[in-house]
Amino acid sequence: MNADAIQLVDSFPDAATYRRLRVEAGLSPKTQEAAERGLANTLYGVSLVKAGNVIGMGRVIGDNGTVFVIVDIAVRPDHQGQGQGRRIMAALDAWLRANAPVSAYVMLIADGEARHLYCRFGFVETAPASVSMAYVANGPRGP
Ligand SMILES: CC(C)(COP(=O)(O)OP(=O)(O)OC[C@H]1O[C@@H](n2cnc3c(N)ncnc32)[C@H](O)[C@@H]1OP(=O)(O)O)[C@@H](O)C(=O)NCCC(=O)NCCS
């Protein structure tokens, strides 16, 4: 096999790899405890693997019936802009098409320009009718 080939694998990285890749991609850090508890509840996840190293990931979480959420989409910076994010989303989209029941709500929070990627898979912005609201546990909260 070509050593430069990037394979899409039908499983999500372990907690340590997940934590490292999030930070490498510029996403917020997660504690080991948060990662271990959270990843155990993944409905479906994929990894992009190059020469044994994980260079991309994405997963679906939710209640597996009414609500599905796409999270942790990340591609290592040295592989961005080469269609790898699209590969991850295509795999998650195929799984959702096969597994999400009619009427289920499929959502995600798009950071910055990543929304261009999600538009390609049929996601539409919910604002102004609905906006996402959030805080980070044990971090600063709004008023
Ligand atoms: C967002 C991210 C996953 C996209 O992965 P990628 O491999 O760079 O994206 P791709 O090369 O597959 O691009 C897919 C499409 O989205 C568009 N796109 C992706 N990122 C973009 C950006 N920053 N600005 C404009 N368009 C962008 C591409 O132009 C491309 O469009 P096309 O289908 O017309 O060619 C990746 O840049 C990343 O990991 N970013 C840091 C972490 C992050 O922000 N994750 C998303 C959290 S919501």
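Both ligands and their constituent atoms are indexed starting at 1 by order of listing.
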Note, [X] side chain near [Y] side chain (heavy atom, < 4.5 Å):
{"X": "Val60", "Y": "Val69", "answer": "no"}
{"X": "Arg120", "Y": "Met89", "answer": "no"}
{"X": "Leu21", "Y": "Asp72", "answer": "no"}
{"X": "Leu96", "Y": "Tyr44", "answer": "no"}

What atoms in ligand 1 come closer than 4.0 Å to a heavy atom of [X]?
{"X": "Gly81", "value": "6 (P), 7 (O), 8 (O), 11 (O)"}
{"X": "Gly83", "value": "10 (P), 11 (O), 12 (O)"}
{"X": "Val75", "value": "5 (O), 7 (O), 38 (C), 39 (O)"}
{"X": "Ile109", "value": "48 (S)"}
{"X": "Arg86", "value": "12 (O), 14 (C), 30 (C), 32 (P), 33 (O), 35 (O)"}
{"X": "Ala74", "value": "39 (O)"}
{"X": "Gln82", "value": "11 (O)"}
{"X": "Leu27", "value": "42 (C), 43 (C), 45 (N)"}

Protein heavy-atom partner closest to [atom] - residue, atom, separation in Å:
{"atom": "atom 18 (N) of ligand 1", "result": "His116 CB, 4.2 Å"}
{"atom": "atom 47 (C) of ligand 1", "result": "Asp111 OD2, 3.6 Å"}
{"atom": "atom 42 (C) of ligand 1", "result": "Ala25 O, 3.5 Å"}
{"atom": "atom 40 (N) of ligand 1", "result": "Gln80 NE2, 3.5 Å"}
{"atom": "atom 19 (C) of ligand 1", "result": "Leu117 CB, 4.5 Å"}
{"atom": "atom 20 (N) of ligand 1", "result": "Glu113 O, 4.3 Å"}

| said: Quick test of your reading: applying salt bridge (Lys or Arg N to Asp or Glu O under 4.0 Å), list the pairs with at least one residue in residues 83-99, sequence neighbours left out, ordered by first then second residue. | reply: Asp93-Arg97
| said: How close do Pro13 and Leu39 get, counting heavy atoms only, and between which atoms? | reply: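 In this case the closest contact between Pro13 and Leu39 is O-CD1, 3.6 Å.
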| message | Going by a strict under-4.0 Å cutoff (protein heavy atoms only), does atom 38 (C) of ligand 1 have a neighbour on the protein? | response |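 Yes; the ligand atom in question has protein heavy-atom contact below 4.0 Å.
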| How about atom 2 (C) of ligand 1: does it have a protein heavy atom within less than 4.0 Å? |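 Given the 4.0 Å cut-off, atom 2 (C) of ligand 1 does not count as touching protein heavy atoms.
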Keeping the roles fixed (side chain from [X], backbone from [Y]), state whether a donor-acceptor pair exists under 3.5 Å.
{"X": "Ser47", "Y": "Ser11", "answer": "yes"}
{"X": "Arg19", "Y": "Lys30", "answer": "yes"}
{"X": "Gln7", "Y": "Val49", "answer": "no"}

| Atom pair CD1 (Ile73) and CG (Leu92), whose distance is rounded to the nearest 0.5 Å | 5.0 Å
| How many angstroms lie between atom CG of Leu108 and atom OH of Tyr118, to the nearest 0.5 angstrom? |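 Reported value, rounded in 0.5 Å steps: 6.0 Å.
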| said: Applying a heavy-atom cut-off of 4.0 Å, say which part of Tyr118 lies close to ligand 1: side chain, backbone, both or neither. | reply: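 Side chain only; the backbone of Tyr118 stays clear of ligand 1.
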| request: Have a look at ligand 1 and work out which part of Arg120, if any, has a heavy atom under 4.0 Å from it: side chain, backbone, both or neither. | output: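 The answer is the side chain.
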| Quick one: which of Gly85, Gly112, Ala110 has a heavy atom closest to atom 5 (O) of ligand 1? | Gly85
| Test applied, side-chain contact (heavy atoms from CB on, under 4.5 Å); reference residue, Val75; option that passes from Ile6, Ile88, Leu117 |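 Filter result, single survivor: Ile88.
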| message | Check this for me - ligand 1, His79, N or O atoms closer than 3.5 angstrom, yes or no? | response | no
| field | Polar atom proximity, Ile73 to ligand 1 (N or O, under 3.5 Å) | value |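 Min N/O separation from ligand 1 is below 3.5 Å for Ile73.
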| said: Within the supplied structure, the quantity of interest is the number of heavy atoms (other residues, nucleotides, ligands) at a distance under 6.0 Å from Gln82 CD; does it exceed 12? | reply: yes
